[in-house]
Amino acid sequence: QVHLVQSGGGLVQPGGSLRLSCRASGFTFSAKGMNWYRQVPGKERELVAQIMPGGDIYWWLDSVKGRFSISRDNTANTVHLQMNSLRPEDTAVYYCYSPPVIWGQGSQVTVSS
């Protein structure tokens, strides 16, 4: 059975850092591109970043460039999203996703003083 299990997230003050992790099971993780999305209530889910099997990275949100980083550990079947210099507008539920159908359970990230 295929699963993506997320960890990390929580409440942080503006300027702080958080790290999200997403551990995969049930499929060949090293062969799959992995994505991070985020969603704010009342808005559509938006793609934050992608990391390809070979390590190529694509950023889809200009607002996070230079502050967030995405990485993968194929030996641990895990993808990470490191979020630095967090802003209140980064507050959202963050999801990892392995196309075409596998989603993580979501992690709440709240940036507030």
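Heads up: numbering here begins at 1 and tracks the sequence.
The six-membered or imidazole ring of Phe68 lies away from that of Trp59, with a centre-to-centre distance of 6.0 Å or more.
Other residues, nucleotides and ligands place no more than 12 heavy atoms under 6.0 Å from the CD atom of Glu44.
A distance of 4.5 Å separates CG of Leu61 from CD of Glu46, quoted to the nearest 0.5 Å. For the atom pair Met34 CE and Asn74 CG, the distance stands at 10.0 Å (nearest 0.5 Å). Atom OG in Ser69 sits 7.5 Å away from atom CD1 in Ile57 (nearest 0.5 Å). The structure places CZ of Arg45 at 13.0 Å from OH of Tyr94, a figure rounded to the nearest 0.5 Å. Distance NE2/His80 to CZ/Arg23: 10.0 Å, rounded to 0.5 Å. Asn35 CG to Cys96 SG: the interatomic distance, rounded to the nearest 0.5 Å, is 9.5 Å.
Residues Pro99 and Gly33 share a closest heavy-atom pair of CD-O, 3.5 Å. Summarising the geometry of Ser113 relative to Pro14, their closest heavy-atom pair is N-CD, 3.7 Å, with the distance given to 0.1 Å. Here the closest non-hydrogen pair linking Asn84 and Ser17 is OD1-OG, 2.9 Å. The two atoms that bring Ala92 and Val40 nearest to each other are CB-CG2, 3.9 Å, heavy atoms only.
Under the 4.5 Å side-chain criterion, counting only non-hydrogen atoms from C-beta, Leu11 is in contact with Ser112. Asp73 is not listed as a side-chain neighbour of Ser71, based on a closest heavy-atom distance of 4.5 Å or more. The side-chain heavy atoms of Arg38 and Asp90, taken from C-beta on, include a pair separated by under 4.5 Å.
A salt bridge links Lys65 with Asp62; the closest basic N to acidic carboxylate O contact falls under 4.0 Å.
The hydrophobic clustering, which links ILVMFWY residues whose side-chain heavy atoms are closer than 4.5 Å, places Leu4 and Ile51 together. Connection of Val12 to Trp36 is established within a shared hydrophobic cluster, with ILVMFWY side chains joined at heavy-atom distances below 4.5 Å, either directly or through further cluster members. Placement of Val48 and Tyr58 in two distinct hydrophobic clusters is found when ILVMFWY residues are connected by side-chain heavy-atom separations under 4.5 Å, directly or transitively. Note: the hydrophobic cluster containing Val93 does not contain Ile102 (ILVMFWY, side chain heavy atoms under 4.5 Å, direct or indirect links).
Listed for the Gln6 side chain is no donor-acceptor partner under 3.5 Å among the backbone atoms of Leu20. Formation of a donor-acceptor pair under 3.5 Å by the Arg72 side chain with backbone atoms of Phe29 is found in this model. Judged by distance alone, with hydrogens and angles left aside, the side-chain atoms of Thr91 form a donor-acceptor pair with the main-chain N or O of Val111 at under 3.5 Å.
For the ring pair (Phe, Tyr, Trp, His ring centres under 6.0 Å) criterion with Tyr37, the lone passing option out of Trp60, Tyr95, Tyr97 is Tyr97.
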